[in-house]
Q: 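Have a look at this one before I ask anything.
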Amino acid sequence: MLMRDFYQRTTEVVARELLGKLLVRTHVEGDVVVRLTEVEAYLGVGDPACHTFGGRRTTRTETMWGEAGHVYVYLVYGLHSCLNVVTVGAGQPEAVLIRSGVVEEGLDLVRARRGSRVGERSLTDGPGKLCRALAISRADDGTDLCALEAPIRICDDGVEVPEGRVRHLPRVGIDYAGEAADWPLRFRVEPD
DNA sequence: TCTAGGATCGGCT
DNA sequence: GCCGATCCTAGAT
């Protein structure tokens, strides 16, 4: 399991290194494990696309201002939850958005939550879909990923993602952010 | 209080 | 590939 110091580095480094790691969700309905394939870095007060741009601090973004290694969950478009991992350190409100992954365990449970009509490929290939598949909501905001019994954890099983398979791309859905919309802060593992 | 807009999804063409 | 749904959040009054 990844410890606090993993998250206490620059957001871009944490984002890149999260690729290939295992996101483990424990829940009364059963456990689900997802291998991360796509993430985005959000660089805090200097990043026009980030919720904390310009030093904005509200009840919604409060966890981003806290200690690294906690989970920041927010609602977009009034209906979809998005999962983020807080990076760097207290007072530096940066985070990595978890966009996509591949289900490694708990496939039946994911299918039950996502609906039987959903194709295998599109079960967890978006931030809102991933949260639905893992039953993550705003109620999970502030969860400490580094706590031993945490219901959400991130683990390293030794699988390395070679640099040649990582693509650096612009972030999605932030056209309002001016030139920051072009910053290559999205990291994706290309399929074989 | 009121209003505008959004780190998306899924259905339809 | 395009478009509408849907309602929370933040900032303005």
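Letters A, B, ... mirror the listed sequences (proteins, then strands); counts begin at 1.
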Q: Return the set of residues passing salt bridge (Lys or Arg N to Asp or Glu O under 4.0 Å) with A:Asp175 (not counting sequence neighbours), or none when no residue passes.
A: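 In terms of salt bridge (Lys or Arg N to Asp or Glu O under 4.0 Å), with neighbours along the sequence ignored, A:Asp175 is linked to no residue.
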
Q: Can you check whether A:Arg186's main-chain N or O pairs, donor with acceptor, with A:Arg171's side chain at less than 3.5 Å?
A: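 Side chain of A:Arg171 to backbone of A:Arg186: no pair is present.
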
Q: Just to be sure I follow the notation: if a pair is Watson-Crick (purine N1 to pyrimidine N3 plus N6-O4 or O6-N4) or a G-U wobble (N1-O2 and O6-N3), each under 3.5 Å, what dot-bracket string does DNA chain B give, with | for pairs to another strand?
A: ||||||.|||||.

Q: Pull out every residue in residues 121-136 of chain A that has a heavy atom closer than 4.0 Å to any atom of DNA chain B, ordered by number, or say none.
A: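 Of all residues in residues 121-136 of chain A, the ones placing a heavy atom under 4.0 Å from DNA chain B are A:Gly126, A:Pro127, A:Gly128, A:Lys129.
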
Q: For DNA chain B, find the residues of residues 36-57 of chain A with a heavy-atom distance under 4.0 Å and give them by number; none if there aren't any.
A: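 Close to the strand are A:Tyr42, A:Ala49, A:His51.
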
Q: Is the shortest side-chain heavy-atom distance between A:Val39 and A:Arg99 below 4.5 Å?
A: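 With C-beta onward as the side chain, the pair stays apart.
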
Q: Are the side chain of A:Arg25 and the backbone N or O of A:Ala133 linked by a donor-acceptor pair below 3.5 Å?
A: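 It does not hold such a pair.
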
Q: Can you list the residues that meet the side chain to side chain contact (heavy atoms under 4.5 Å, CB included) rule with A:Val33, with sequence neighbours excluded?
A: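 Testing A:Val33 for side chain to side chain contact (heavy atoms under 4.5 Å, CB included), a comparison that skips the adjacent residues, returns A:Leu22, A:Val24, A:Glu104, A:Glu105.
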
Q: Between A:Arg57 and A:Glu62, is there a side-chain heavy-atom distance shorter than 4.5 Å?
A: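 They are in contact (side-chain heavy atoms under 4.5 Å apart), so the answer is yes.
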
Q: Counting only non-hydrogen atoms, which of residues 90-103 of chain A are less than 4.0 Å from DNA chain B?
A: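 By residue number: A:Leu97, A:Arg99.
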
Q: May I ask you to list the residues of residues 60-88 of chain A, by number, that have any heavy atom positioned under 4.0 Å from an atom of DNA chain C?
A: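 Heavy-atom contacts with DNA chain C come from A:Arg60, A:Leu75, A:Tyr77, A:Gly78, A:Leu79.
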
Q: Considering only heavy atoms from C-beta outward, does the side chain of A:Asn84 approach that of A:Tyr74 to under 4.5 Å?
A: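 Heavy-atom side-chain distance check passes, below 4.5 Å.
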
Q: Tell me whether A:Arg132 at atom CZ has more than 12 heavy atoms from other residues, nucleotides or ligands lying less than 6.0 Å away.
A: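 At most 12 heavy atoms, drawn from other residues, nucleotides or ligands, come within 6.0 Å of this atom.
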
Q: Starting at CZ of A:Arg171 and ending at P of B:dA7, how long is that distance when rounded to a whole Å?
A: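 Roughly 11 Å, once rounded to whole Å.
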
Q: Would a distance-only check, ignoring hydrogens and angles, find a side-chain to backbone donor-acceptor pair under 3.5 Å from A:Ser100 to A:Thr37?
A: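 Absent.
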
Q: Spell out, yes or no, whether A:Tyr72 and A:Val34 are grouped together once hydrophobic residues are joined by side-chain heavy atoms under 4.5 Å, including indirect joins.
A: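 No, because A:Tyr72 and A:Val34 fall into different hydrophobic clusters, even though each may have its own neighbours under 4.5 Å.
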
Q: First and last nucleotide of DNA chain C in contact with chain A, 5' to 3', at under 4.0 Å to a heavy atom: what are they?
A: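 With heavy atoms of chain A under 4.0 Å away, the range is C:dT6 to C:dG11.
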
Q: Residues two or more places apart in sequence or in another chain: which of them pass side chain to side chain contact (heavy atoms under 4.5 Å, CB included) with A:Ser81?
A: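 For A:Ser81 the side chain to side chain contact (heavy atoms under 4.5 Å, CB included) partners, ignoring immediate neighbours, are A:Val73, A:Leu75, A:Cys131, A:Ser137.
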
Q: Please state how far atom CZ in A:Arg138 lies from atom C1' in B:dG6, giving the value in whole angstrom units.
A: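 In whole Å, B:dG6 C1' and A:Arg138 CZ are 15 Å from each other.
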
Q: Is the closest side-chain heavy-atom distance between A:Leu18 and A:Ile98 below 4.5 Å?
A: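 In contact.
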
Q: Pick the closest DNA chain B nucleotide for A:Arg117 and for A:Val172 by heavy atoms, then say which residue is nearer the 5' end.
A: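 Its nearest nucleotide being more 5', the pick is A:Val172.
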
Q: Restricting to salt bridge (Lys or Arg N to Asp or Glu O under 4.0 Å), what partner residues turn up for A:Lys21, sequence neighbours left out?
A: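 Partners of A:Lys21 under the salt bridge (Lys or Arg N to Asp or Glu O under 4.0 Å) test: none.
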
Q: So does A:Glu163 have more than 12 non-hydrogen atoms from other groups sitting under 6.0 Å from CD?
A: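 Yes, CD of A:Glu163 has more than 12 neighbouring heavy atoms, counting only those of other groups under 6.0 Å.
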
Q: In the hydrophobic clustering (ILVMFWY, side-chain contacts below 4.5 Å, transitive), which residues join A:Leu185, or is it alone?
A: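 A:Leu43, A:Trp183, which link up through side-chain heavy atoms under 4.5 Å apart, make up the rest of the cluster.
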
Q: Does NZ or CZ of A:Arg9 come closer than 6.0 Å to the centre of the six-membered ring of A:Phe6, within 45° of the ring's axis?
A: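 Checked: cation-pi criterion met.
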
Q: Which residues pass the side chain to side chain contact (heavy atoms under 4.5 Å, CB included) test with A:Arg111, sequence neighbours left out?
A: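 If we apply the side chain to side chain contact (heavy atoms under 4.5 Å, CB included) test to A:Arg111, skipping adjacent residues, the hits are A:Leu107, A:Asp108, A:Glu120, A:Leu123.
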
Q: Hey, which of these two, A:Arg114 or A:Gly173, hits DNA chain B nearer its 5' end, going by closest nucleotide?
A: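 Whichever sits nearer the 5' end wins; that is A:Gly173.
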
Q: Considering non-hydrogen atoms only, spot the tightest contact between A:Thr26 and A:Asp31 and give its length.
A: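 Smallest interatomic distance, heavy atoms only, reads CA-OD1, 3.3 Å.
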
